[in-house]
Amino acid sequence: MDDLKKQLSQPSIESKQEWVGKLISYLAIILIGGLVVTILMFLTVKGIALFKDDGVSVWHFLTSTDWQPSHHYYGALPMIITSFSVTALSGIIALPLALVVAIAITEMLPRKAYQYLQPLIELLVGIPSVVYGYLGLTVIVPYLRQAFGGTGFGILAATSVLFLMILPTMTSMTIDSLQAVPQKYRQASSGLGATRWQTISRVIIPSAKSGILTAMVFGMARAFGEALAVQMVIGNTTIVPKSLMESSATLTSVLTTGIGNTVMGTASNNALWSLALILLVMSLAFNLLMRLVSKKGAR
């Protein structure tokens with residue numbers, strides 16, 4: 001009887017395993033949370049140093065068009081405008097094509113086509129950005145130079161490269177959103193006498209709207225934070241662009257070209273950290289937008 005009581009009072013192997021699993025999970029959550037908080041604090045401290053230590057006005061930094069760190073001119077507006085321009089243009093161009101391809105694969109083509117095309121799309125998603133940049137440098141830029149004149153570098157070249165980069169991602173996410181629509185919706189629409197196009201346009205797309213918008217926001221977030229591929233084709237001139245063929249620079253291209261040429265602690269280096277802080281804020285804004293779109297779709 002005493003032995004039985006001892007056995008009952010001791011935790012079972014399953015209980016020990018559950019306790020160990022919970023401990024590992026909590027430690028992982030603490031580690032990830034600590035890393036995120038550390039990165040946020042580090043970038044915030046570094047990003048505000050230009051305004052706190054060097055006396056640069058935040059308003060002047062965000063609205064001035066003159067970027068010459070060597071002469072103590074820190075105007076980030078040209079890079080901000082260019083970053084939003086190439087991001088918006090690539091997203092607007094990529095979304096309709098991604099939607100058309102996703103509809104064709106999920107609703108029109110045979111099942112075998114999906115089995116062959118889906119791995120191809122996923123392969124395109126995994127291609128490194130430097131490959132897209134090299135493609136833009138060797139194919140897109142010379143073509144634009146021949147077709148429109150000038151150097152070929154500029155917003156149009158950067159938009160073309162970003163379009164190629166985010167299209168597979170947006171297509172893959174849109175396919176998943178369309179496939180998540182219950183099959184009974186399609187059957188009910190067909191039962192009411194709707195044609196295939198009526199079912200797609202009035203039932204399937206509205207039902208998958210939140211997922212489609214999330215794919216667009218995710219693709220634009222990737223485009224906004226892309227550095228290497230854009231740097232290779234945009235021309236890296238820190239001026240407000242007046243046309244699509246004019247050389248310009250984004251936040252990421254200025255960061256990648258300038259961070260290795262400045263001394264830590266100087267005003268020029270602090271200005272680059274301020275650009276990084278803007279990128280961080282915009283990345284958080286994109287993530288928040290994706291959450292809002294997902295929650296709206298869930299409701």
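The main-chain N or O of Met79 is never found under 3.5 Å from a side-chain atom of Thr250 such that the two would form a donor-acceptor pair. In this structure, the side chain of Gln198 does not engage the main chain of Ala194 through any donor-acceptor pair within 3.5 Å.
Here the options are Ile39, Val37, Thr44, the test is side chain to side chain contact (heavy atoms under 4.5 Å, CB included), and the partner is Met41; only Val37 passes. With Ser129 as the partner, the side chain to side chain contact (heavy atoms under 4.5 Å, CB included) test is satisfied by one option alone out of Met232, Gln231, Glu226: Glu226.
Under the 3.5 Å distance criterion, with hydrogens and angles disregarded, no donor-acceptor pair is assigned to the side chains of Ser268 and Thr266. No donor-acceptor contact under 3.5 angstrom links the side chains of Asp53 and Asn270, judged on distance only.
The number of heavy atoms from other shown groups lying within 6.0 Å of CZ (Phe163) is above 12.
With a 4.5 Å cut-off on side-chain heavy atoms, Met264 and Lys46 count as touching. Contact annotation: the side chain of Leu137 approaches that of Phe153 to within less than 4.5 Å [non-hydrogen atoms, C-beta and beyond].
Two different hydrophobic clusters hold Ile234 and Ile81 under the rule that ILVMFWY side chains link at heavy-atom gaps under 4.5 Å. Trp273 and Ile48 fall within the same hydrophobic cluster, where Ile, Leu, Val, Met, Phe, Trp and Tyr residues are linked whenever their side-chain heavy atoms come under 4.5 Å apart, directly or through other members.
Ring-centre distance between Trp59 and Phe51: not below the 6.0 Å cut-off.
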Trace of the side chain to side chain contact (heavy atoms under 4.5 Å, CB included) decision for Leu117 with Val101 = CA-CA 10 Å; Leu117 291 174; Val101 173; over 6 Å; no

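Across every non-hydrogen atom of Thr65 and Pro78, the tightest pair is O-CG, 3.4 Å.
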